[in-house]
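Input: a single structure, listed below in structure tokens.
A, B, ... follow the sequence lines: proteins, then strands. Residue 1 opens every chain.
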Amino acid sequence: MNFEYSDEQALLSDAVTRFVSDRYGLAGVRSAAETKDGVTAANWQGMADMGLLGMPFPEQAGGFGGGPVETQIVMEAFGRGHVLDPWVGGVLLPGALLSALDPARLTELVPDVATGDLVLALAHEEDGARYVTAQVVTNARRCGNGWRLSGRKVNVLAGAAANRLFVTARTAGAEADEDGISVFEVPVDAPGLSRTAYRQYDGQTVAALTLDDVSLPDGALVGDEGEAFSALELALDTATAAICAEAVGATETMLHATVDYLKTRQQFGGPLSRFQVLQHRCAEMYVAVEQARSMALYAAVSLGLEDRDERRRAISAAKVQCAESARFAGQNAVQMHGGIGVTDELLVGHLFRRTTMIERQFGDAGHHLARLDRLGGLDNQMGE
Amino acid sequence: MNFEYSDEQALLSDAVTRFVSDRYGLAGVRSAAETKDGVTAANWQGMADMGLLGMPFPEQAGGFGGGPVETQIVMEAFGRGHVLDPWVGGVLLPGALLSALDPARLTELVPDVATGDLVLALAHEEDGARYVTAQVVTNARRCGNGWRLSGRKVNVLAGAAANRLFVTARTAGAEADEDGISVFEVPVDAPGLSRTAYRQYDGQTVAALTLDDVSLPDGALVGDEGEAFSALELALDTATAAICAEAVGATETMLHATVDYLKTRQQFGGPLSRFQVLQHRCAEMYVAVEQARSMALYAAVSLGLEDRDERRRAISAAKVQCAESARFAGQNAVQMHGGIGVTDELLVGHLFRRTTMIERQFGDAGHHLARLDRLGGLDNQMGE
Amino acid sequence: MELSFSPDELAFRAEVRAFIRDNLPEDIRAFAHRSGYYKADQVRRWQKILDSRGWAAGHWPVEFGGPGWTAVQRYIFNEELLRAPAPEPLSFNINMVGPVIYTFGTEEQKSRFLPKIRSLDWWFCQGFSEPGAGSDLAALKTSAVTDGDSYVINGQKIWTSTAQHADWMFALVRTDPKAPKKQMGISFLLIDMNTPGIDVRPIVTIDGEHHTNEVFFDNVRVPAENLIGEENKGWDYAKFLLGSERTGIARVGLSKGRMDRALELARVAPVYGGARLIEDPGFRQRALKLQVELKALEISALRIIDRQRRNPSDKPDAASSILKLRGAETQQASAELLADAAGPSAAPFFDFREMFSDNEVPQGVARADGAMRVHFAARPATIYGGASEVQKNIIAKAILGFKDKP
Amino acid sequence: MELSFSPDELAFRAEVRAFIRDNLPEDIRAFAHRSGYYKADQVRRWQKILDSRGWAAGHWPVEFGGPGWTAVQRYIFNEELLRAPAPEPLSFNINMVGPVIYTFGTEEQKSRFLPKIRSLDWWFCQGFSEPGAGSDLAALKTSAVTDGDSYVINGQKIWTSTAQHADWMFALVRTDPKAPKKQMGISFLLIDMNTPGIDVRPIVTIDGEHHTNEVFFDNVRVPAENLIGEENKGWDYAKFLLGSERTGIARVGLSKGRMDRALELARVAPVYGGARLIEDPGFRQRALKLQVELKALEISALRIIDRQRRNPSDKPDAASSILKLRGAETQQASAELLADAAGPSAAPFFDFREMFSDNEVPQGVARADGAMRVHFAARPATIYGGASEVQKNIIAKAILGFKDKP
């Protein structure tokens, strides 16, 4: 057992922390609001320069060989500074999918992803599917030597900025079957594809795609036909672990902001910090942050597990804890700031919107508790 | 809508409150500990003198015609003073059962119950049945002109003091069937019947009964053969409403005791009451008590409803609230008293044992939430 | 003892329900259902409809246009509006400034203001809070200096909700800066929002909306005839205003309406294995517990109304702090349940302000667009109108008799 | 970064498990499983078994009989004991007075006391708390006056757990009542419990048991050689003692053991409709949430151990307040889950003291007789050893830097 960062990991942590504090925070919120596609060009270039855009890919593929712990380090720092640029959506999530489905294709793409020239995106979620991963109605049918895709995708992370799109579609099976889901690479200028950018409540820009009988060549199929589900689930679990770490960083910032605010803010003839109920609430927020940090680590480390069910249990348990900590810490940070906490004038209000979205992204606490339940709980202690 | 007590009800409330404060509290705990059968003779006689033992029965049967609101008034006062004498077990619960199953038999008994000469008891619960009302394994089979009963009953309220026992037994059906449950009157000296008294954690004395081929005449059957379930459920709901009110009284006393303790107890150079977290916790206890009071009233009034499912929903909702309030208020009363709160030297420790039992008596919060769930929730809003 | 409504009360409830059903304009109903929100013109239109029915001001004396309802009728009326949902009569007008004027105003003020307050021809906002004062209202600094027949106002207000729509503001201003206690020396003024020197600047809240404002006063002249009551007695009128008509503050109907909507969404939202969210054990447990809490809260509210009916008193009833405290919590819990039921469909930001016109959300992307907004908008419920911490202080002092200042 | 135990650590865990399985006397295992409780003679017997294996005092230096374990091994060992469940080495002896003696005692004291402390031939109790002092330990009044080669002790201690079994007490006594600060003038003494003038009186707790006591001192003569360290420096030794070896305080294994038992009961307990409690949605949700909390707590404990390993310090680590705080809460939550799983079977009072011999519970009435006792006995977990409120104060001050005294 050893929780220590290696020297390289410690350097990465310092570098990302500096990068984030130089460029993000309230300033990052403003620059993100000015983009059309959700990517702040200068910051994205900065990430490329630091090696962050190639970080999660194997060195032989031209990446930097970072693993889940490095992702955890990056995402915690991103959370602390409220980074809205879509690193998870544009790099990590589609990268994890390709890495599992078609490593050769990934190797081709990595050099341009690492320089920032290519932004990837995975278009999977469909309207009304809620968190049911296998809920894919978009269909792909063989047509001569190729494929034709029709359907709608929503809330596509990095979807507005992406210049390489990977789209899930059903090639067999019924509406929510796990079998029969395939992944296709769809050129952004394919006839019949339209995309619309819009903002989410956390300030991220996402896209909705409409595929109206989009024609694709045979080589557009990524991996084996109808066999994408487990890679998809692994990729989503990878992204879930990442946003767990982001939640830790974001709640930590909210905690510190709240403590500072209470020490400064004068009311009824003294600083708010003299009220014991507020001090104790901050102590409870601290516990919430630390418990989330423990489980975010657990999630990161679990991504390497051979046993798929063990991984799923760990990810779901971590998401339950991080969602609950984000909820408790975020709501109390806002409460203790009072009026100013519910405006967009302080970073805390923006972070609260983000942690509120993180609670629900890739499945809310209820969804993950239900998944943990189906898998018999931790250590399968409640299984048959 | 009108929450006002009638003049008679207000008088009852005053009288019971005076009676309880004269005789119970810590003194009552001691006198209860000295009894073998759980009934303090002088106090039981006092209840008879005040008319409490005949209170819930119709005037034409020789009772005083008190309804659920009168019961609520009595039980709230009993809760405040931690009355251990088994009014619910020895009067209310078996009375409610007989009133539904066989009013004529009840009419015969009421005069002696009202004077305190007769103590009734309902022996229903079986070991391991948990809260499943229909879980009756004790069996009764016809034998010539009579019946033969065999089985075991546990946690029989007032069972050690009772001189008239009513026992549930299965005359048909399988283990947990609602049909096929009958009630029999069993003389306390019937050959083959043995009973053992023991204490529960709250200081109440209960009994376990063993029926070893007990022979009963035909007339021992109370009500119709195999048809007792719904009367049994009504009687248990009646008793549940009563202990909801008891929980209100007990938590109210714990709240006041805690507030007084904090104002008096000096620590770190001042009274504990100066700590804002403790003041706020007391405020939350107050809210918990008032919310429980509202739902205890709701339970009482619902007992008169024609619609059986409406009654069950209301009782279960009330039990959920009262259990949660008892839990919150009781645990925090003990916590704020510190070391002295976990001893038996103050009333608060005894009340906490009682409220902890009330949480679980006649079904815990989980059981009643599940019942409410089956019935579609309040107003059947979540039903089909 | 009778917890149910009487036949008369039930008939009244049916009448209110029917009136809302038949008279609430369809566009208001649809917009509220979609967003949990009303636009200013919708509030105005609906208030006029209520006023023409004589229902604009439930607790006002009949002589000033009140309908002569009992406390229970007022409770029923508010709950029905909230659950429908339909806009409530604007609290600033009906619950706040109206009663102050008919209690402390001159005859001229009554006849000039009350009809237009009732009909919402004049929309009032509240100028109490100031930056730096927080919950310590009496620390206000905005000054009013007498100059001939006018006061000249300088200073700043904050958290001035709906100031962008308002025709008038009722404000607390400092007329005697040398008064021995900060509560003295404050006056209660009505200020025409069209007066030169007033600058209203928006504050955007975490729901992404513009509800509230900062308001700056730069030598704003207010006629002395707009003073309510006596000069330097404004704090008394403010206390009167804040203590009045608090039995509706639990807003159980609002929470019930959100629960209705959450269950509606949960009946169609899929979960793993082909089931619907309403069958999910965790979701059901939360919904059931919330139902129980709401029922308890509703009865607690009715108990307090009933007690006030039997023992009328001028003083605010500290027990109504339960209603504010638990009411705000259940509003938040029901909003959260709604957002959870909506799931990812609630993620897209819908800009009701239409400030970012390029943030166009494609039709059909989300079927529960208002849910996240409702969740965010519910957060301040435990902050404004006496934060939850303040309510607990009130209970600790006024009910439990704690004397130590925390 | 490696959250799992290393192969060596796993091998050690297997060794500990096997040792417990093979050496824990069956009567102790059965009694603990039934009651969640140990008798004094069981604790003594097991401690001797551990001592003969060299495992009696996990964190003691090897020269005093410690096994030379790493912090992780110590953690594993304690968790395995708690989960088994098997008695832990008596904290008063092993975690408290032992380290004080080998750190501050004379050579004579070390050789006289340490072996008997390790083997539990001498059972120690702790004489710190006094009536009227509460959490303010330093307000103690019990006096020790020098008289020749002895101290003469007068006063009273309270909450003296296991004093009825103890051979010795380590006590804080006031040797200089005129010291300028209450923390000064306190000395640390070892007192033979057989000395004339000591009166131990039981306190019965809400679980119905006799764990703790009041202890009265009436002119009790204690040889001066039983003073530890310097006179009037006792507060320093007490702080050392209270700050040492806190990484085990989360007691995750204890909670896990209770959870194991609760699930075992839930697999047989019936619920409506022919199902078992383990299938009940509400019960499952609670158990799952508790599992998640315990996992988080376990990792937090390991993180703190790991940090202390990398940055050793004499000062108590304020972060371990998380472990005490959340550890006590999860001990309570798991005890409550156990009591709820047991249901009515937990209602009968089982008198392990056999004080009320007439309170005979018929065999077979209840199959979960220890569950309610465990639930009650868990309540003080948030009170003793630094109440939860105190832990929050520590976090607020030492970690978050709040300076205002609450």
Side-chain angles (χ1 to χ4, degrees), chain B residues 1-6 9 67-69 72 255-256 258-260 262-263 270-287 290-295 297-298 300-302 313-314 316-322 324-325 365-366 368-370 372-373 377-379 381-382, chain C residues 1-6 9 70-72 75-76 256 259-260 263 266-267 278-279 281 283-285 287-307 309-310 319 321-322 325-326 329 388-389 391-397 399-406:
Chain B
M1 200 206 61
N2 170 20
F3 290 85
E4 197 166 8
Y5 287 151
S6 68
Q9 289 169 338
V69 174
Q72 189 266 342
L255 168 62
H256 293 320
T258 304
V259 169
D260 290 346
L262 295 178
K263 289 177 182 170
L272 284 176
S273 58
R274 73 192 188 285
F275 291 111
Q276 192 191 25
V277 289
L278 305 183
Q279 288 195 11
H280 278 202
R281 201 102 48 86
C282 288
E284 285 159 13
M285 282 171 70
Y286 169 76
V287 175
E290 289 304 310
Q291 293 283 78
R293 195 190 308 278
S294 292
M295 289 305 274
L297 280 168
Y298 183 59
V301 171
S302 79
R313 289 185 192 107
S316 285
K319 188 71 199 315
V320 168
Q321 175 69 58
C322 292
E324 178 49 33
S325 288
H368 281 286
L369 207 65
L372 187 57
D373 192 348
L378 288 170
D379 304 320
Q381 214 190 350
M382 297 167 63
Chain C
M1 177 77 54
E2 179 54 59
L3 272 68
S4 320
F5 292 127
S6 70
E9 289 160 348
T70 65
V72 174
Y75 179 84
I76 289 172
K256 281 186 182 174
M259 165 88 88
D260 292 345
L263 294 178
R267 284 179 201 280
I278 193 140
E279 301 160 68
F283 183 84
R284 283 187 84 86
Q285 293 260 326
L288 288 165
K289 285 178 187 167
L290 186 54
Q291 280 193 333
V292 172
E293 276 185 60
L294 285 171
K295 176 58 78 178
L297 187 60
E298 182 165 38
I299 299 172
S300 294
L302 292 168
R303 280 173 51 216
I304 290 173
I305 290 174
D306 184 65
R307 194 170 59 207
R309 175 182 64 77
R310 285 183 281 122
S321 286
I322 295 178
L325 185 62
R326 204 44 76 94
E329 287 167 3
S388 292
E389 291 81 1
Q391 302 303 328
K392 289 180 197 169
N393 282 342
I394 292 172
I395 293 172
K397 273 198 194 109
I399 297 178
L400 304 178
F402 284 112
K403 294 206 174 59
D404 314 272
K405 196 177 162 177

To the nearest 0.5 Å, what is the distance between [atom1] ([X]) and [atom2] ([Y])?
X: C:Ile322; Y: B:Ser294; atom1: CD1; atom2: OG; result: 7.5 Å
X: C:Leu297; Y: B:Met295; atom1: CG; atom2: CE; result: 11.0 Å
X: C:Leu400; Y: B:His280; atom1: CG; atom2: NE2; result: 11.0 Å

message: Just so I know, are the side chains of C:Ile299 and B:Arg293 near enough to count as touching, which here means a heavy-atom distance under 4.5 Å?
response: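 No. Closest side-chain heavy atoms not under 4.5 Å.
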- prompt: So do C:Arg309 and B:Asn2 actually touch side chain to side chain, heavy atoms under 4.5 Å?
  reply: yes
task: Pick whichever of C:Asp260, C:Ile278, C:Leu325, C:Leu294 has the most heavy-atom pairs under 4.5 Å with chain B.
output: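 It is C:Asp260.
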query: Picking from C:Ile399, C:Ile395, C:Leu302, C:Asp306, which has the most non-hydrogen pairs under 4.5 angstrom with chain B?
result: C:Asp306
- prompt: Side chain, backbone, both or neither: which part of C:Arg284 has a non-hydrogen atom closer than 4.5 Å to chain B?
  reply: both
task: Would you mind checking which part of C:Glu298 comes under 4.5 Å of any heavy atom in chain B, side chain (CB onward), backbone (N, CA, C, O), both or neither?
output: neither
query: Any sub-3.5 Å donor-acceptor pair from C:Lys295's side-chain atoms to B:Tyr298's backbone N or O?
result: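 No, C:Lys295 side chain to B:Tyr298 backbone: no donor-acceptor pair under 3.5 Å.
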- prompt: Quick check: does any side chain N or O of C:Arg326 sit under 3.5 Å from a backbone N or O of B:Gln291, one acting as donor and the other as acceptor?
  reply: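 No, C:Arg326 side chain to B:Gln291 backbone: no donor-acceptor pair under 3.5 Å.
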query: Looking at C:Glu279, C:Met259, C:Gln291, which one forms a side chain to side chain contact (heavy atoms under 4.5 Å, CB included) with B:Met382?
result: C:Gln291
- prompt: B:Val259 versus chain C, heavy atoms under 4.5 Å apart: side chain, backbone, both or neither?
  reply: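 Looking at B:Val259, backbone and side chain both touch chain C.
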task: Could you check C:Arg303 against B:Leu297 for side chain to side chain contact (heavy atoms under 4.5 Å, CB included), going step by step and ending with a plain yes or no?
output: CA-CA 10 Å; C:Arg303 280 173 51 216; B:Leu297 280 168; 3.8 Å; yes
- prompt: Step by step, would you call B:Leu278 with C:Phe402 a side chain to side chain contact (heavy atoms under 4.5 Å, CB included)?
  reply: CA-CA 10 Å; B:Leu278 305 183; C:Phe402 284 112; over 6 Å; no
- request: Decide yes or no on side chain to side chain contact (heavy atoms under 4.5 Å, CB included) for B:Gln279 and C:Lys392, but give the supporting numbers first.
  value: CA-CA 8 Å; B:Gln279 288 195 11; C:Lys392 289 180 197 169; over 6 Å; no
task: State, to 0.1 Å, how close C:Ala296 and B:Gln321 come at their nearest heavy-atom pair, and which atoms those are.
output: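 That closest heavy-atom pairing would be CB-OE1, 3.8 Å.
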- line: Taking every heavy atom of B:Ala317 against every heavy atom of C:Val292, the minimum-distance pair comes out as O-CG1, 3.5 Å
- request: Walk me through it: do C:Lys289 and B:Glu324 pass the test side chain to side chain contact (heavy atoms under 4.5 Å, CB included)?
  value: CA-CA 10 Å; C:Lys289 285 178 187 167; B:Glu324 178 49 33; over 6 Å; no
